[in-house]
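Structure first, then comments.
First listed ligand is number 1; within each ligand, the first listed atom is number 1. Treat the numbers as computed from the prediction; the structure is a model and nothing was measured.
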Amino acid sequence: MARPVIISTDPGIDDAVAISILLFSKKVDVKLIAAAAGNVGIDQTLINVLKLEQFLGQSIPVVKGVSRAIIKEPVHAYNVHGKSGLDGYEFPEPDHSLVINQTAPEAIHEVVSHSNEKVTLVGIAPLTDYAMFIRLYPEDLQNVEELVMMGGCIGRGNYGVLSEFNIAGDPEAAKIVFESGLKIRVAPLELGMQARIKPNISKKIKTYGRVGDMFYSLFSKYRGGSFKTGLKIYDALAAGILLNPDMFTFEKTHVEIVNQEGFTYGASLMDFKNRLHLSENALIGKSVDVDQFVKWFVEAIKQAC
Ligand SMILES: [Ca+2]
């Protein structure tokens with residue numbers, strides 16, 4: 001049976017890929033999409049979710065997330081995704097009727113507390129909305145299956161020396177989430193670096209009708225890696241962990257989020273050698289079989305086309 005899923009996302013070109021894969025997978029049933037502040041501002045990520053849904057002919061309820069990180073000043077990634085967050089393709093004007101008039105934590109609570117089956121949370125953005133949900137509705141956690149997320153890094157970061165964008169975007173939120181006791185599976189930065197999408201794959205995707213053409217256009221503007229040497233479609237790795245975990249190797253560990261101001265603010269210390277002597281709180285994807293991933297990725301996108 002399809003697992004009920006909520007997606008928290010900040011589209012974002014790699015988000016658009018992950019959302020499309022999840023919307024068309026038979027293994028999951030997407031109940032709600034929460035637009036989060038991240039790659040671009042919250043008003044724009046909301047519009048981007050709506051545009052994508054409209055383009056894909058979907059009508060999943062959408063909620064606008066909390067407008068910014070809990071404490072940290074907002075950070076964005078216009079340099080990677082362009083000014084709109086989805087630069088490279090002209091989407092039709094979105095249908096705003098899908099937007100629910102609630103806060104994101106309220107909307108997440110509604111879905112989780114009314115679900116007959118445990119709900120899986122997918123996090124492919126800073127974790128602000130999930131952290132607020134956890135603080136406001138702690139009793140709901142018993143009806144959450146797990147959080148599957150893209151974020152953090154084993155080694156060096158893509159935002160700070162030691163911090164990855166989704167964690168650095170709201171370190172306090174990440175700390176709340178990792179200390180919540182939720183079961184968490186993580187696609188860290190390194191997986192996206194391993195599983196690069198080469199031009200021959202992008203060109204193959206371009207042949208898949210209007211959806212394939214849309215992705216190709218976005219990929220040609222995306223600055224997560226290089227179109228020529230390979231794109232890093234980070235958020236798709238979280239979708240991969242949820243839908244096809246056999247492609248990965250995992251290791252359980254403690255993840256400690258650094259939330260003291262300073263050069264390491266927002267770092268995610270993945271303590272594989274147990275130097276901190278703290279209990280395990282996450283399962284980290286450490287490597288991916290790239291050939292298997294590429295095969296899966298192409299097939300998964302094809303489902304949306
Ligand atoms: Ca994202």
Side-chain angles (χ1 to χ4, degrees), residues 5-23 30 32-53 62-69 72 74-89 104 121-131 147-153 157-159 163-171 173-174 177 184-193 195 197 215 218-219 221-225 231-243 266 268 285 297 300-301:
V5 158
I6 295 171
I7 307 172
S8 171
T9 175
D10 59 341
I13 292 171
D14 56 334
D15 296 80
V17 176
I19 294 168
S20 304
I21 289 173
L22 290 166
L23 286 176
V30 181
L32 173 73
I33 302 178
N39 287 321
V40 292
I42 187 76
D43 292 321
Q44 192 62 46
T45 61
L46 180 74
I47 288 171
N48 290 349
V49 170
L50 295 171
K51 279 179 172 174
L52 189 67
E53 278 210 51
V62 178
V63 68
K64 184 177 177 176
V66 176
S67 63
R68 47 156 290 178
K72 189 172 181 168
V75 295
H76 301 301
Y78 295 107
N79 55 327
V80 179
H81 304 269
K83 191 165 168 285
S84 74
L86 290 180
D87 272 15
Y89 192 80
L121 308 179
V122 174
I124 49 176
L127 293 162
T128 317
D129 292 311
Y130 287 146
L147 166 68
V148 179
M149 58 171 284
M150 188 277 138
C153 46
N158 66 344
Y159 178 78
S163 62
E164 177 280 333
F165 182 85
N166 282 348
I167 303 289
D170 195 342
V177 169
I184 304 176
R185 284 191 287 168
V186 181
L189 193 64
E190 282 79 0
L191 288 187
M193 293 176 173
I197 299 303
F215 280 125
L218 293 181
F219 288 177
K221 290 281 177 190
Y222 182 52
R223 290 292 167 263
L231 297 171
K232 296 173 273 188
I233 314 286
Y234 300 109
D235 290 342
L237 276 300
I241 284 182
L242 176 58
L243 301 173
S268 48
F297 181 78
I301 286 193

query = Backbone or side chain, does A125 get an N/O/S atom under 3.0 Å to the Ca ion (ligand 1)?
reply =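 So A125 does not count as coordinating the Ca ion (ligand 1).
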
ask   = Using the ring of each side chain (for Trp, its six-membered ring), is H81 parallel, tilted or perpendicular to Y222, with breaks at 30° and 60°?
value = tilted

query = Do N48 and T45 have side-chain N/O donor and acceptor atoms under 3.5 Å apart?
reply =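 Side chains of N48 and T45: no pair found under 3.5 Å.
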
ask   = If you stand at the Ca ion (ligand 1) and look out to O of I124 and OD1 of D15, what angle do those two lines make, to 10°?
value =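 So the angle at the metal works out to 130°.
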
ask   = Once rounded to 10 degrees, what value does the angle at the Ca ion (ligand 1) take between OD2 (D235) and OD1 (D10)?
value =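 Between OD2 of D235 and OD1 of D10, at the Ca ion (ligand 1), the angle is about 150°.
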
Between CG on residue L242 and CG on residue L237, distance to nearest 0.5 Å = 12.5 Å

ask   = Does D10 use its side chain to pair, donor to acceptor, with the backbone of V40 at less than 3.5 Å?
value =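 No.
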
